[in-house]
There are 4 protein chains.
Amino acid sequence: MKVAFTSDNIAGASESVFKAMMEAAQGDAMPYGNDDGTAQVTRMLSELFECDVDVFLVSTGTAANSLGVSAFTPPWGSVLCHTESHLLNDECTAPEFYTSGARFVGIGGVDAKMDPVQLQKLVNQKIGDVHSCQPSIISLSQVTEVGSVYSLEEIHAITDVAKTAGLPVHMDGARFANALLALGCSPAEMTWKAGVDIVSFGATKNGVMASEAIVVFKQALEDKGISSEKVAKELGYRRKRGGHLHSKMRLLSSQMIAYLTDDLWRTNATHANAMMALLQDGLKTVPGVKINTPAQANMLFCTLPEGMEDYLLAEGYAFYGGRWEEGVVRLVTSFRTPKEGVEAFIASAKAFAAQ
Amino acid sequence: MKVAFTSDNIAGASESVFKAMMEAAQGDAMPYGNDDGTAQVTRMLSELFECDVDVFLVSTGTAANSLGVSAFTPPWGSVLCHTESHLLNDECTAPEFYTSGARFVGIGGVDAKMDPVQLQKLVNQKIGDVHSCQPSIISLSQVTEVGSVYSLEEIHAITDVAKTAGLPVHMDGARFANALLALGCSPAEMTWKAGVDIVSFGATKNGVMASEAIVVFKQALEDKGISSEKVAKELGYRRKRGGHLHSKMRLLSSQMIAYLTDDLWRTNATHANAMMALLQDGLKTVPGVKINTPAQANMLFCTLPEGMEDYLLAEGYAFYGGRWEEGVVRLVTSFRTPKEGVEAFIASAKAFAAQ
Amino acid sequence: MKVAFTSDNIAGASESVFKAMMEAAQGDAMPYGNDDGTAQVTRMLSELFECDVDVFLVSTGTAANSLGVSAFTPPWGSVLCHTESHLLNDECTAPEFYTSGARFVGIGGVDAKMDPVQLQKLVNQKIGDVHSCQPSIISLSQVTEVGSVYSLEEIHAITDVAKTAGLPVHMDGARFANALLALGCSPAEMTWKAGVDIVSFGATKNGVMASEAIVVFKQALEDKGISSEKVAKELGYRRKRGGHLHSKMRLLSSQMIAYLTDDLWRTNATHANAMMALLQDGLKTVPGVKINTPAQANMLFCTLPEGMEDYLLAEGYAFYGGRWEEGVVRLVTSFRTPKEGVEAFIASAKAFAAQ
Amino acid sequence: MKVAFTSDNIAGASESVFKAMMEAAQGDAMPYGNDDGTAQVTRMLSELFECDVDVFLVSTGTAANSLGVSAFTPPWGSVLCHTESHLLNDECTAPEFYTSGARFVGIGGVDAKMDPVQLQKLVNQKIGDVHSCQPSIISLSQVTEVGSVYSLEEIHAITDVAKTAGLPVHMDGARFANALLALGCSPAEMTWKAGVDIVSFGATKNGVMASEAIVVFKQALEDKGISSEKVAKELGYRRKRGGHLHSKMRLLSSQMIAYLTDDLWRTNATHANAMMALLQDGLKTVPGVKINTPAQANMLFCTLPEGMEDYLLAEGYAFYGGRWEEGVVRLVTSFRTPKEGVEAFIASAKAFAAQ
């Protein structure tokens, strides 16, 4: 079997994650998040983010994102996000479901990053008009759906609009660690210090089987006049109501603890990003291959010359194609992607190009 | 630490479950249920139930129950279940959420088993009247919320009503294995052969960390004129929309495979039921203790004489009390409850009674 | 055609209502409640209730009730109401729809009036427990579904429970005027002075074609720590979202103005109640007829001796029967019920009894 | 007071409508659509459309549109409509509400008419993929939001896409009569003969106070393999659940009967369209005025030269501006717009231009 660049969700989990799960499962533990591990996760994430946070563990990113925005969006509200965002393209109608039927409004912008000018226009439109949905929260994806990463300045451009409009900001951080390493800043700097109020802190795509943390920056909310206590209370009921309150919560908390221990998250994302850099650098040297959006983290969209896609698939490599413009493929590396696999892939691409 | 009878969800997982999870997580696997393990689960459950089934794995019982009934219940429908059922008492408003706001109607009946006579009356009431919700599915809990178990005859009494009314029947099998062993029949006999069309096949309370299977009996549905293909299609979208489609589905499938392998489910439930029998028999010999509902599986509600509850808690035993009538406590055994723990508990109760 | 006691919704409208509608419809008027008439309705209802109120006009009682409670009930909330209430029995699943899937919990009590003791128990149950829906509002029907009327003391018994639990109180006043005249008190005394915070002020059953006012007592809400501004804002969006914001709102406002002018509401309800008194007094003299719940307003449930129901229907009288226990019928009088019709009905009943 | 072009919803109702309402309201009538008038409406609309139809009367266009599409759209479905459609811009989140949280997807196209090429692309995208909402119905507005009218060829271009994709087609006919007269065809030709399956047949904007008919073309649905009986049943429950089943339905049915009698609908729309033609022709002669979209029915978007908007408003004319690009205003005529008012408006515009 050749290397697969299908997605970072095809890789399993790091060893320490399994070890932690197994240890945590010995003996009895109180259910529904009243276990010691869950409390520990909150402490660890407060430390990681350098501030007091509320944490809600769930087992999927769809749940994390949909629940996260739902706590701020009344049924007549709207969530402003990029037209190519996961919320609008890959979660069926989970966002509408969790918000009891709010509207999700797509904002344009290059490289799947929202254009602050378009955003500014929309946040002030028809405010107080009962005939229109009302802007309630802004959600940005970091890493974006095309593999780009918002710079701190770009995040600020979005959150500044939010601040003047009095709106909270959500970050879909399914690939939070990959983005963070691309920016080289601290978790605090990429989030609440940059105006973000709530994060879907993803771990599942980076070495964990199923554990995502909804992280709420309490002081950030209070600074916007939003009661963090009310948000936390709502998320508690909403999580249960969505069927996402695990009885054996230690399954989720133990994974997250291992993920946060000894910087596993950092180690794993560093590897995934490095493999993507290697892959991208290699592909740049292959005649006919076009980089569509420069990969800053662990995902790349590029256009292959005619015939190359089929050739590589026939060789046994795996990746997604055929979903976008002719010849466009998506390549994703993970914490487990082998260096030799990447090199072999580049070699194969070169071999085809040399034909 | 003394033995805890708080719930069967406080116990961890069986060793083989963990071993299976770890093994399954090596290497790559296709996401979202396209892994080999998920297909294997369907095969194993088809074999266990001796018929062709559709399977949808989720990680919580709330999701399994709510999703299960939602596929049969329009927003103007009603779900008929016991007034003491989990659906009506322990899942917040998840049932309403997943059905887009249907009505959940409580039916009375002793030992938390629906009274077929009451049920009969309700299934024929206001049919076709737009001012009233319309009976859409009947849901029974096996084991019930008070620890009793429907006999096959009692199940038939319910499903006969359903059949004449043309309604499907759902079984909340959070403690399916415990009930099955109490009856001593086959899985098929307790379900589709008895008129049940869809089951929440619980594993989490019996040796698994988080894995519940929604099992749909295809032929049973067809026999009622309901398209099983439509139901399966709906459940696929509904699961995704609820955020319950795991990307690394093998986390759930591997647990379920281990649970079904070498009759682990049977072994675990046998132990839990045996420990309850030991506990119940012991308590019957303690002066002043009253058995409220004879335990047939692994859960017991009994009334302790004044002062005994506090005494036992002070001794270090754990269980739920203070939620029902004065002195009523709930005791639950699990696949891991130690025999010595049960014996010590009885001895302590006797010691108090002898004071 | 003999007199019909089917319902008070079979009668048309008072002449002055039509005159007002026709006059209001001349010329242009701003849409969506920005017409002068709508502002006038608010002034008139503020005067009627002797306090500052917010008003939302809608065209059906189902909308008024469902919207009214929805502004106070989160999707994980519960609405406590009588088991025989309209909310639970006659509005399909509109209540669940408008609350995004909250739970409606039935409270028992004689004569379709909630038992304060049962209510007290439920408002304190499982508060803060995410596994349970959370009591959010109490709704009482005045007139009740069986034709009884809560006394002021009985209202206070309910609202006192609400106050100690910090819950708002909704009154389903589909027959508000009939109840008020039965009690002989002022609108203020039967509502906010008695602890009621929001009323569905019905007019449709009492001389109007289609106009119901959701009336919010602003100070009453503030006194409970609930922002009346937030409630008003919510109701504005919720009404629009439900499709209940009429463009030509003057259709609704003109009816309500006529209803409130020259005490039309009082005149009409006085007649309806008087006709019921006449009917009830007459029926008491008919051998074999049993009054089930003494009618205090304009609705009566009674049990007819065997054969009488069929006889009266055959004679050409109209009323509902066959929906409850054997022989039970419902008789409703309206602002238009003719005295001679009532007398003829009693005479026919006597004629049957004399056979 | 000068003439107002604010909207066609600011005009009252035709005299015959009122006369009919008043007559219908005498005496008793069965409630909830069981009155004779409601049956008559169905007969009249079947005749008008030259086929067997099911009819559901409601009192607002928001309800008609949202209910109409909801009967075909599961919660994971999507409704394809123009980005400038009423559904997406003017009904708050009523569409999401009534569909239990489906997605509304905007399709581009000039003059607010959907581009069939874009539509074709979307109806085939991600079919069967649980990660994506599923195209469920196509909705087109006739007249469009900018005052243009789909030609029969343009309707066919849309419905042909629908047919190949197996999707039903909804027409938002808030200004049905105005569009029909613009095309000069029969109601059947503009609807089911052109591939439309369900229509919101608006009357409120054309001489009625509040009455909109959801008209379902039964055979058209059957031809697409959709059970019209199921749709009718659903719409019955959905209307009640939305609080849109009027008890005194004759209020709605009598208006609709008058509207359909003696071609009142045609007379009224003819006048409105003629006034718009007069207005548009006049404006074309005013220097500096730019027609944005040629008005085909009774609505016009044009751009006024600097200062003219303020001048006309100061003169006492009423219309909407300030909501779109600089200088853009919307002018709408109605069945009641006086010819002299139009002429005076043009004269005033010319006077300003001559300064």
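Each chain gets a letter, A, B and so on, in the order its sequence line appears, and its residues count up from 1. All of these numbers come straight from a predicted model, not from anything done at the bench.
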S.K.: Between Thr93(A) and chain B, which part of the residue has a heavy atom less than 4.5 Å away: side chain, backbone, both or neither?
M.R.: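 Both parts, backbone and side chain.
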S.K.: To the closest 0.5 Å, what do you measure between CD1 (Ile10(A)) and CZ (Arg250(B))?
M.R.: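 That separation rounds to 8.0 Å.
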S.K.: What residue, out of Ala24(B), Ala210(B), Ala25(B), has the most heavy-atom pairs lying under 4.5 Å from chain A?
M.R.: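 Between Ala24(B), Ala210(B), Ala25(B), the count favours Ala25(B).
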S.K.: Out of Cys92(B), Pro95(B), Ser66(B), Gly242(B), which one racks up the most heavy-atom pairs below 4.5 Å with chain A?
M.R.: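 The option with the most such pairs is Gly242(B).
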S.K.: How would you list, by chain and number, every residue that makes a side-chain hydrogen bond (donor to acceptor under 3.5 Å, both in side chains) with Ser141(A), sequence neighbours excluded?
M.R.: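 side-chain hydrogen bond (donor to acceptor under 3.5 Å, both in side chains) list for Ser141(A), sorted by chain: empty.
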S.K.: So which bits of residues 97-104 of chain B come within less than 4.5 Å of chain A, counting non-hydrogen atoms only?
M.R.: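 If one takes a 4.5 Å heavy-atom cut-off, the residues of residues 97-104 of chain B near chain A are Phe97(B), Tyr98(B).
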S.K.: Out of Ala63(A), Ala13(A), Gly61(A), Ala94(A), which one racks up the most heavy-atom pairs below 4.5 Å with chain B?
M.R.: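 Maximum pair count with chain B is reached by Ala94(A).
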S.K.: At a heavy-atom separation under 4.5 Å, does Leu67(A) approach chain B through its side chain, its backbone, both, or neither?
M.R.: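 Nothing of Leu67(A), per the 4.5 Å heavy-atom cut-off to chain B.
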S.K.: Out of Ser334(B), Ser247(B), Ala64(B), Ser59(B), which one racks up the most heavy-atom pairs below 4.5 Å with chain A?
M.R.: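 Among Ser334(B), Ser247(B), Ala64(B), Ser59(B), the one with the most close pairs to chain A is Ser59(B).
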S.K.: Checking side-chain contact (heavy atoms from CB on, under 4.5 Å) for the pair Lys205(A)/Lys248(B): CA distance, chi angles, key distance, verdict?
M.R.: CA-CA 9 Å; Lys205(A) 291 179 191 296; Lys248(B) 297 182 178 173; over 6 Å; no
S.K.: What residue, out of Gln26(B), Glu91(B), Glu15(B), has the most heavy-atom pairs lying under 4.5 Å from chain A?
M.R.: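 Most pairs with chain A among the choices: Gln26(B).
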S.K.: Atom OG1 of Thr62(B) and atom NE2 of His244(A): how far apart are they, to the nearest 0.5 Å?
M.R.: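 Nearest 0.5 Å value for the OG1-NE2 distance: 10.0 Å.
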S.K.: Within the supplied structure, the quantity of interest is the number of heavy atoms (other residues, nucleotides, ligands) at a distance under 6.0 Å from Asn34(B) CG; does it exceed 12?
M.R.: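 It does: Asn34(B) CG has more than 12 such atoms within range.
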S.K.: If I compare all heavy atoms of Gly243(A) with all of Thr60(B), which pair ends up nearest, and what's the gap?
M.R.: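 Nearest heavy atoms, Gly243(A) then Thr60(B): O-OG1, 2.6 Å.
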S.K.: Identify the two heavy atoms, one from Ala11(A) and one from Asp28(B), that lie closest to each other, and give their separation to 0.1 Å.
M.R.: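 Looking at all heavy atoms of both residues, the closest pair is CA-OD1, 4.0 Å.
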S.K.: In terms of heavy-atom proximity below 4.5 Å to chain A, should Leu252(B) be classed as side chain, backbone, both, or neither?
M.R.: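 Neither part; nothing is under 4.5 Å.
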S.K.: Restricting to non-hydrogen atoms, name the atom on Leu251(A) and the atom on Met21(B) that form the minimum distance, rounded to 0.1 Å.
M.R.: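 Residues Leu251(A) and Met21(B), closest heavy atoms: CD1-CE, 4.0 Å.
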S.K.: Can you tell me how far OG1 of Thr204(B) sits from NE2 of His246(A), rounded to the nearest 0.5 angstrom?
M.R.: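 It comes to 8.5 Å.
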